Amino acid sequence: INVMLKKLITASLLLGAVSAQAEVVEDLSQWQQDGTSGNWTYNPDTNSWFQSENTATGSFLYDPSGDALGKAVAGDITVTGSDDDFIGFAIGYNAGDVTNADADYFLLTWKKLTQSGLDIGMDLWHVTGSMNSASMWDLNNHSSFRHVAEAKNLADVGWQTNQTYSFDLTYEDHAIGVFLDDALEFGVTKNGAGVDAFSPGGFAFFNFSQGGVTYSGVEYDDINVIVDEQKREALSNSVPLSGGAAALLTACAFGFRRKQ
């Protein structure tokens, strides 16, 4: 993209950001557990969920509204439990997808250490089928999983116990974006993900073979909220675009914000 177009994209993002705070979700108690394992408990005082079990299968806690398109979710994630396995998120998730042969959502996985052929680090997958223990231990070869992208900064970096990380996720019908600790890790268009459009569904928290995980301080709101200039520029420079009009529209459609 030429210099003039990049300036136009950045200017449009600046104009498109509204000067209002995102509404803090005051009650996540209605989010639902999915999967045959996992023990999720809600703390209303901190609007947080804690998953205590070293799960035998994938365990999800999802927003039953299924209304993530055009929205953003932000918060913190902390692991206090032992082990070295998977934490993460699902985007476009619907009730029952963990065992649904026709599932269609995106899964962000983050592994602490390399083990049994599964590499350390953060990756994004397109899931188009059911999930069980065998499929999770064979992500690279299982028919339900297709690798989409590795994280820009954390592809070979695992999470650390007792460290809190901030996250920001956005979901549009044409693009997914993920920031961790204010750094852009994924900016994936529908073309980059190999789909015609991203499907309706909700945000979800995800654990596999990992307990002692807390998701806290969660904000969930429309996507058109304040994002700092550094994030806007990182996104406009990262997302692969074709054509001036497409570039402008795609850039304007994104919104990210770090929780205040």
Side-chain angles (χ1 to χ4, degrees), residues 34-35 37-38 51 53-61 76-93 97-98 103-169 171 175-189 191-195 198 203-215 234 238-240:
D34 214 358
S37 63
Q51 200 291 112
E53 185 177 309
N54 191 327
T55 61
T57 61
S59 184
F60 295 85
L61 186 83
D76 295 325
I77 181 171
T78 309
V79 183
T80 53
S82 59
D83 215 345
D84 56 11
D85 290 317
F86 288 103
I87 61 175
F89 309 90
I91 305 172
Y93 187 89
D97 272 352
V98 65
D104 183 5
Y105 62 95
F106 287 81
L107 183 69
L108 186 155
T109 62
W110 195 9
K111 198 171 188 314
K112 182 178 182 180
L113 295 173
T114 296
Q115 176 188 14
S116 303
L118 296 174
D119 293 332
I120 186 174
M122 184 181 291
D123 294 272
L124 185 67
W125 308 83
H126 186 196
V127 183
T128 54
S130 62
M131 174 191 297
N132 56 34
S133 179
S135 61
M136 281 302 302
W137 289 119
D138 193 27
L139 284 173
N140 293 304
N141 301 302
H142 198 276
S143 60
S144 293
F145 292 84
R146 180 175 58 83
H147 188 257
V148 174
E150 61 182 21
K152 294 181 182 297
N153 306 295
L154 300 172
D156 302 309
V157 179
W159 52 265
Q160 296 297 310
T161 307
N162 297 318
Q163 181 169 338
T164 296
Y165 303 92
S166 68
F167 63 84
D168 302 81
L169 314 176
Y171 193 43
I176 289 173
V178 178
F179 284 94
L180 197 85
D181 282 348
D182 297 328
L184 179 65
E185 296 295 339
F186 298 98
V188 180
T189 65
N191 292 335
V195 297
F198 291 113
F203 292 115
F205 305 145
F206 168 76
N207 297 163
F208 171 66
S209 190
Q210 183 61 54
V213 186
T214 301
Y215 296 83
S238 173
V239 175

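For clarity, every value in this text was computed on a predicted model and none was experimentally measured.
If you check the side chains of Ser166 and Asp181, you find a donor sitting under 3.5 Å from an acceptor.
The main-chain N or O of Ser209 is found under 3.5 Å from a side-chain atom of Thr55 such that the two form a donor-acceptor pair. The closest donor-acceptor contact from the side chain of Gln210 to the backbone of Asp85 lies under 3.5 Å. Under a 3.5 Å cut-off, the side chain of Lys111 and the backbone N or O of Gly158 do not form any donor-acceptor pair. A donor-acceptor contact shorter than 3.5 Å is absent between the side chain of Trp159 and the backbone of Phe86. The backbone N or O of Lys152 lies less than 3.5 Å from a partner atom in the side chain of Glu185, making a donor-acceptor pair. Between the side chain of Thr57 and the backbone N or O of Ser133, no donor-acceptor pair lies under 3.5 Å.
Proximity of Tyr171 to Leu169: side-chain heavy atoms (C-beta onward) are nowhere separated by under 4.5 Å. Contact annotation: the side chain of Asn140 approaches that of Trp125 to within less than 4.5 Å [non-hydrogen atoms, C-beta and beyond]. Here the side chains of Trp137 and Gln115 are in contact, with some heavy-atom distance below 4.5 Å. Using a 4.5 Å cut-off on side-chain heavy atoms (C-beta onward), Leu118 and Leu139 make contact. With a 4.5 Å cut-off on side-chain heavy atoms, Met131 and Leu107 count as touching. Side-chain atoms of Lys112 and Thr161, non-hydrogen and from C-beta on, do get closer than 4.5 Å to each other. Side-chain contact between His126 and Asp104: present, with at least one pair of heavy atoms (C-beta onward) separated by less than 4.5 Å.
Here the CZ atom belonging to Phe89 is positioned 12.0 Å from the CG atom belonging to Leu124, to the nearest 0.5 angstrom. Remark: Phe167 CZ to Phe203 CZ distance equals 9.5 Å, nearest 0.5 Å. Thr109 contributes atom OG1, which lies 12.0 Å from atom CG of Asn207 (distance to the nearest 0.5 angstrom).
Phe186 and Ala149 make their closest contact through CE2-O, 3.6 Å (heavy atoms, listed as atom of the first residue, atom of the second, distance). Counting all heavy atoms, side chain and backbone alike, Phe60 lies closest to Ala204 at CD2-CB, 4.3 Å. In terms of heavy-atom proximity, Ser59 sits nearest to Gly38 at OG-CA, 3.6 Å.
Ring-plane geometry between Tyr105 and Tyr93 is classed as perpendicular, the angle between the planes exceeding 60 degrees on a 0 to 90 degree scale with a lower cut at 30. Note: Tyr215 and Phe205 have parallel aromatic rings, judged against thresholds of 30 and 60 degrees for the angle between ring planes.
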